Peer 1: 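The structure that follows is given in the form of structure tokens.
What you see is a predicted model, and the numbers here were worked out from it, not measured in a lab. Proteins come first, then strands; the chains are lettered A, B, ... in the order of their sequence lines, and each starts at number 1.
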Number of protein chains: 2
Amino acid sequence: MNISEAARRSGLSAKTIRYYEDIDLIAPAARGENGYRQYDSGAVEELHFLARAREVGFDLQECRQLLNLLRDTQRHSRHARELVLEKSQQLQQRIDKLVAMQSVLEDMASRCHGDEGPECAILEDLAGAGEETQ
Amino acid sequence: MNISEAARRSGLSAKTIRYYEDIDLIAPAARGENGYRQYDSGAVEELHFLARAREVGFDLQECRQLLNLLRDTQRHSRHARELVLEKSQQLQQRIDKLVAMQSVLEDMASRCHGDEGPECAILEDLAGAGEETQ
DNA sequence: GCTTGACCTTCCAGTGGCGGGAAGGTTTAC
DNA sequence: GTAAACCTTCCCGCCACTGGAAGGTCAAGC
């Protein structure tokens with residue numbers, strides 16, 4: 001099949017598939033007589049694997065490691081599990097940070113009248129926070 | 001004061017301050033005889049405002065709007081409040097997404113032995129998810 | 001045979017928000 | 001006198017793509 005069909009089946013865009021080939025994340029696709037890339041179901045499975053791994057938060061370097069594990073029949077499942085748990089912790093840190101940011105926003109919004117007047121707790125907060133001790 | 005002192009007081013890096021000037025987020029700094037940028041406390045306050053706004057999740061375009069509100073004595077605090085609440089909703093969406101991703105990771109990890117064997121629920125999941133119906 | 005449109009190819013540029021580092025000028029301290 | 005710590009501008013790199021230009025290919029309809 002051509003690249004757009006492989007894209008449809010894998011969940012990646014054709015652009016992304018070419019990009020992954022470009023950075024040697026995947027092996028160069030076979031080519032037809034016309035120079036078009038050709039994909040079989042095995043290739044699509046790898047692409048789909050990558051799409052899934054990206055969806056759950058792995059970056060391309062980590063995807064590389066996961067692909068190596070996928071291809072390695074001598075692998076230890078411990079390695080995959082470690083990658084997943086580490087990624088989970090990273091996500092937790094990002095979540096914690098976003099939650100903290102959001103609570104600051106909600107707090108500011110709650111103290112702002114939000115009317116037609118110029119007085120604004122939000123702008124005061126952003127301007128002055130951390131300067132009271134001086 | 002010179003740029004590194006302004007950086008220290010505002011919480012931004014000198015690189016970032018120059019960048020903000022470059023993209024016209026802030027007015028060009030005054031220059032001393034030697035060509036060095038000079039900052040007064042008013043300029044530092046604006047930089048600090050920007051640092052705070054960035055910390056709570058606003059992008060530079062939104063920071064531009066917030067700065068306009070800060071400078072506008074005729075502003076309506078409603079505008080600032082709307083920006084904050086919209087940003088809060090955006091953060092909520094990002095949080096929801098990350099939480100969903102993390103729960104997938106935790107689920108996969110829980111079903112993986114994580115031992116020295118090659119059998120691995122994680123890799124199976126990533127490879128096969130969404131294909132059972134076929 | 002001709003056109004139209006949907007494919008495909010490569011290559012280059014841009015995104016956001018900076019950070020790193022080169023190459024060179026200035027100031028300060030010893 | 002010199003070393004270091006500043007400062008300047010400029011350009012490249014990061015991540016993971018996306019958009020678009022310029023051009024080749026293919027299938028369908030007339």
Peer 1: Just grab all the side chain to side chain donor-acceptor pair (under 3.5 Å) pairs involving residues 25-35 of chain A, residues at least two apart or on different chains.
Peer 2: none
Peer 1: Which residue, B:Arg37 or A:Asp59, contacts DNA chain D at a nucleotide closer to its 5' end, judged by nearest heavy atom?
Peer 2: B:Arg37
Peer 1: Return each pair, listed once, that meets salt bridge (charged side-chain N to carboxylate O under 4.0 Å, His left out) where at least one residue sits in residues 83-98 of chain A; pairs must be two or more places apart or across chains.
Peer 2: A:Glu62-A:Lys87
Peer 1: Atom CZ of B:Arg54 and atom P of C:dG19: how far apart are they, to the nearest Å?
Peer 2: 10 Å
Peer 1: Can you check each nucleotide of nucleotides 25-30 of chain C against protein heavy atoms at under 4.0 Å and return B for base, S for sugar-phosphate only, - for none, in 5' to 3' order?
Peer 2: BBS---
Peer 1: More 5' along DNA chain D: A:Leu60 or B:Glu5, using each one's nearest nucleotide?
Peer 2: B:Glu5
Peer 1: Going 5' to 3' along DNA chain D, between which two nucleotides do contacts with chain A fall, using a heavy-atom cut-off of 4.0 Å?
Peer 2: D:dA16 to D:dC26
Peer 1: Report the residues that fulfil side-chain hydrogen bond (donor to acceptor under 3.5 Å, both in side chains) with B:Asn68, sequence neighbours left out, ordered by chain and then residue number.
Peer 2: none
Peer 1: Taking CD from B:Glu62 and P from C:dG16, how many angstroms apart are they, rounded to a whole number?
Peer 2: 12 Å
Peer 1: Which pairs with one or both residues in residues 7-17 of chain A pass salt bridge (charged side-chain N to carboxylate O under 4.0 Å, His left out), sequence neighbours excluded?
Peer 2: A:Glu5-A:Arg8, A:Glu5-A:Arg9
Peer 1: Measure the distance from CZ on A:Arg8 to C1' on C:dC7 and round it to the nearest whole Å.
Peer 2: 15 Å
Peer 1: For A:Ser88, enumerate each residue passing the side chain to side chain contact (heavy atoms under 4.5 Å, CB included) test, keeping only those at least two apart in sequence or located in another chain.
Peer 2: B:Gln102, B:Leu105, B:Glu106
Peer 1: Regarding B:Ile3, tell me which of base, sugar-phosphate or nothing describes its non-hydrogen contacts under 4.0 Å with the strands shown.
Peer 2: sugar-phosphate
Peer 1: List in numerical order all residues of residues 10-20 of chain B for which some heavy atom is under 4.0 Å away from an atom belonging to DNA chain D.
Peer 2: B:Lys15, B:Arg18
Peer 1: Find out if a path of hydrophobic residues (ILVMFWY) with successive side-chain heavy-atom gaps under 4.5 Å connects B:Val56 to B:Leu60.
Peer 2: yes
Peer 1: Below 4.5 Å, heavy atoms only, C-beta onward: do A:Leu70 and A:Leu66 meet side chain to side chain?
Peer 2: no
Peer 1: Apply salt bridge (Lys or Arg N to Asp or Glu O under 4.0 Å) to B:Arg64 and list each qualifying residue two or more places apart in sequence or on a separate chain.
Peer 2: none
Peer 1: How would you list, by chain and number, every residue that makes a side-chain hydrogen bond (donor to acceptor under 3.5 Å, both in side chains) with A:Arg71, sequence neighbours excluded?
Peer 2: A:Glu46
Peer 1: Test of understanding: with side-chain hydrogen bond (donor to acceptor under 3.5 Å, both in side chains), list the residues that count as partners of A:Asp72, not counting sequence neighbours.
Peer 2: none
Peer 1: Quick one: list whatever passes side-chain hydrogen bond (donor to acceptor under 3.5 Å, both in side chains) with B:Arg18, sequence neighbours left out.
Peer 2: none
